[in-house]
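A short worksheet on the structure shown next.
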Amino acid sequence: VRHDYTGGGRPLSIDLRREGREARATIEGRTLSATILHEDDRCVVVEVDGRVHTVYLAHCDGAIEILLGGVRYRVEKPERGSDRRRAGAAGAASDGKVTTPMPGKVVSVHVRVGDRVTVGHALLVLESMKMQNDVLAPVDGTVASVRCAEGVPVEYGDLLVEITPDPTSMEPPRS
Amino acid sequence: MGVTRVLIANRGEIAVRILRACRELGIESVAVYSEADREALHVRLADQAVAIGPAEAAKSYLDMDALVAAARRTGADAVHPGYGFLSENARFARRCEDEGLTFIGPSSQAIEEMGDKIAARAIAARVGAPITPGTDAAGEDPVARLKAARKIPLPVMVKAAGGGGGKGMRVVHTAAELEAAITAAGREATSSFGKGHVYVERFIEDPRHIEFQVLGDQHGGLVHLFERECSIQRRHQKLVEETPSVALTPALRERMGESAVRIAREIGYHSAGTIEFLLDRSGEFYFLEMNTRIQVEHPITELTTGIDLVAWQIRIARGERLPFEQADLQPRGHAIECRLYAEDPARGFVPSPGRLLRYAEPSGPGVRVDGGVYEGYTVTPHYDPILAKVIVWGETREVARSRMGRALADTVCLGVETPIELLREILSHEAFAAGDTHTGFLPQHFASWKPTSEGPAPWPDAVLIAAALADSRPAAGAAAAMTAPNGLWQRLGPWRVGSS
């Protein structure tokens with residue numbers, strides 16, 4: 001079974017065929033045999049080429065977080081578009097809907113309905129873990145609605161500000 | 001005064017640390033918690049836990065009425081403030097005194113005297129402790145202050161008198177910037193601390209941060225428990241601490257220790273406190289400030305002296321005398337602490353709240369962990385991002401250093417970002433190994449640091465094999481959890497220290 005991932009900014013793929021405890025993996029043209037010594041939701045122990053590796057893992061937002069030898073790896077699965085926050089982030093880039101990137105509290109709001117904004121304009125200040133951060137406009141356009149208020153706690157993905165993008169500013173600025 | 005039931009006016013790892021000390025002393029502990037902390041570890045471990053208000057700190061952990069009411073409701077006779085929150089608030093200490101609650105800390109007067117940095121510098125100067133040249137004498141008169149400031153050799157540091165945590169602080173390198181910097185710092189000080197009083201002092205470039213632990217009883221017994229070096233910092237906040245400091249000769253240690261004790265004695269200090277100094281490259285030291293509370297990094301002193309500082313805070317509060325004098329004290333070995341914060345060191349240390357999907361603390365010889373979290377716990381965005389502190393002891397600095405490297409490699413933490421990998425690299429960096437540390441260490445050596453997994457080296461095969469196995473399991477992905485995809489941070493601007 002072929003699995004395609006990305007990690008560390010690179011495409012990664014593995015073909016894994018398994019029979020009971022024994023498995024054959026093909027990675028970048030190399031074929032390895034592995035013995036699965038232990039497997040549960042949090043930990044995998046595999047023997048590869050005469051060495052045993054203890055791997056901690058967790059599923060997390062369409063990715064698998066892995067810890068091996070004290071080093072952390074984030075294996076991203078192909079986009080499925082089902083994640084609420086991912087959808088929010090993509091939305092912010094294309095349609096001017098600005099959502100909460102992290103839970104926290106709105107400290108101040110700098111824009112009002114009808115204000116003209118350009119990419120990078122500070123729309124509001126969000127505080128999380130005692131740190132303050134400007135939330136920036138993802139597109140040039142006009143503020144269509146402000147859905148948050150000072151002092152109000154917000155959760156991941158909450159809609160903060162809607163911007164009607166200028167017709168010329170439809171491409172996503174940064175991801 | 002009797003101390004039989006202690007209300008812990010704090011949360012997280014320090015609340016856990018305090019309740020453990022209480023339990024060992026046979027004293028009951030009362031935890032308090034905000035709505036955001038119902039699931040917190042300190043709530044689960046304390047003998048009792050009382051809700052005190054909403055998530056917002058101003059309406060819970062900073063709400064004196066709510067805390068006093070919680071103490072009354074549970075019959076607590078003492079209050080331990082921990083660090084942060086109300087720990088250095090003289091009004092809270094006085095309120096406890098007035099309510100007949102034993103405040104486990106110094107007197108409200110001592111907190112007040114050291115709370116104003118200009119007043120604290122005056123106390124240090126009075127007992128002959130060195131301070132940096134500054135505009136203290138000019139007071140708040142803008143003309144006199146600017147005139148005095150222009151006489152200090154550049155670069156200079158502009159600071160808020162009532163400040164802390166790096167807020168209201170800025171370095172000025174040219175004479176032309178000075179006036180504007182004073183105005184800006186005054187504005188920031190007013191909004192952060194309610195007082196716009198700022199002063200200017202000489203800026204010490206790339207100093208070491210050296211602090212002395214002091215411990216005094218209510219009968220005049222007062223000692224220092226040697227130094228801690230806390231030079232490895234990010235955003236003026238400490239990341240790695242160690243004791244002893246490689247920079248101190250026995251003679252310098254004695255001079256600095258004596259200065260620390262004289263400052264504490266001058267204000268009749270009792271309980272645990274910390275006198276902070278800057279040590280410049282030429283070996284001159286300058287008084288920085290006094291922290292009138294338990295310090296985050298107190299465990300390293302406990303490991304090298306064998307003295308339980310939190311237990312002694314409680315024993316001193318109930319009137320006990322210190323059973324030792326300065327001459328009885330001899331530190332042993334070397335201790336290092338690394339702080340595990342929920343933050344992303346590869347992206348400017350931005351906070352990384354979320355669920356701890358996997359979490360296991362290290363153990364083994366010479367390893368201690370003071371933690372405030374558990375696997376499955378969701379780290380809230382409302383408070384300080386500290387998860388746990390990994391503390392090691394070794395016979396020598398080398399033993400402690402390699403032991404810390406081992407302990408960090410044994411630490412399992414998935415679901416939130418932490419600086420574990422950065423810390424491992426700091427510990428094994430040749431400049432750290434050589435003891436060549438200063439407060440600019442991180443920007444100098446790790447300015448554009450990236451974790452191993454984002455580097456050019458190919459990933460181990462076992463990573464992909466484990467991923468494919470995990471992906472093939474029937475329940476794969478069912479337990480999707482709450483953490484932010486990294487890409488989201490890139491939409492945000494630079495971070496700054498907040499006001500709450």
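Only heavy atoms go into these numbers, but all of them, side chains included; no hydrogens, no water, no symmetry mates. Because the structure is predicted, anything quoted here is derived from the model rather than measured. Below, chain A is the first sequence line, B the second, and so on; all start at residue 1.
Evaluated for a side chain to side chain contact (heavy atoms under 4.5 Å, CB included) with A:H110, the options A:D115, A:V117, A:V125, A:V135 yield exactly one hit, A:V125.
When heavy atoms are compared at a cutoff of 4.5 Å, B:A407 does not approach chain A at all. The contact between B:E375 and chain A is made entirely by side chain atoms (from C-beta outward), counting heavy-atom distances below 4.5 Å. In this structure, the portions of A:L57 lying under 4.5 Å from any heavy atom of chain B include both its backbone and its side chain. In this structure, chain A has no heavy atom under 4.5 Å from any part of B:I420. Only the side chain of A:V46 comes within contact range of chain B, with heavy atoms under 4.5 Å apart. When heavy atoms are compared at a cutoff of 4.5 Å, A:R51 does not approach chain B at all.
The side chain to side chain donor-acceptor pair (under 3.5 Å) search around B:R358 returns none, not counting sequence neighbours. Considering only residues two or more places apart in sequence or on other chains, B:N10 meets the side chain to side chain donor-acceptor pair (under 3.5 Å) condition with none of them.
Here B:P385 is the residue among B:A360, B:P458, B:P385, B:C413 with the most heavy-atom pairs under 4.5 Å with chain A. Interface remark: of the candidates B:S453, B:G455, B:P451, B:P381, B:P381 forms the most heavy-atom pairs closer than 4.5 Å to chain A. When the candidates A:E28, A:H53, A:R30 are compared by the number of heavy-atom contacts under 4.5 Å with chain B, A:R30 comes out ahead. Interface summary for chain B: among A:V44, A:L32, A:V45, the most heavy-atom pairs under 4.5 angstrom belong to A:L32. Note: A:I66 leads A:I66, A:V75, A:L68 in heavy-atom pairs under 4.5 Å with chain B. Contact tally against chain B (heavy-atom pairs below 4.5 Å) for A:V1, A:D15, A:D40: the top residue is A:D40. Chosen from B:L408, B:T411, B:D384, the residue pairing most often with chain A at heavy-atom distances under 4.5 Å is B:D384. Chain A forms the most heavy-atom pairs under 4.5 Å with one residue out of B:I465, B:D410, B:T452, and that residue is B:I465.
Between B:Y374 and B:Y377, the ring-plane angle classifies as tilted under the 30° and 60° cut-offs.
When all heavy atoms are compared, the tightest approach of B:L469 to A:R18 is CD2-NH1, 3.6 Å. Looking at every heavy atom in both residues, B:V416 comes nearest to B:A342 through CG2-CB, 4.3 Å.
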Under the side-chain contact (heavy atoms from CB on, under 4.5 Å) criterion, do B:E56 and B:H382 qualify, and how do the steps go?
CA-CA 7 Å; B:E56 201 183 326; B:H382 297 287; over 6 Å; no
Run the salt bridge (Lys or Arg N to Asp or Glu O under 4.0 Å) check on B:D471 and B:R473 step by step: do they pass?
CA-CA 6 Å; B:D471 227 359; B:R473 286 175 66 79; over 6 Å; no
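No side-chain N or O of B:Y383 forms a donor-acceptor pair with one of B:D37 less than 3.5 Å apart.
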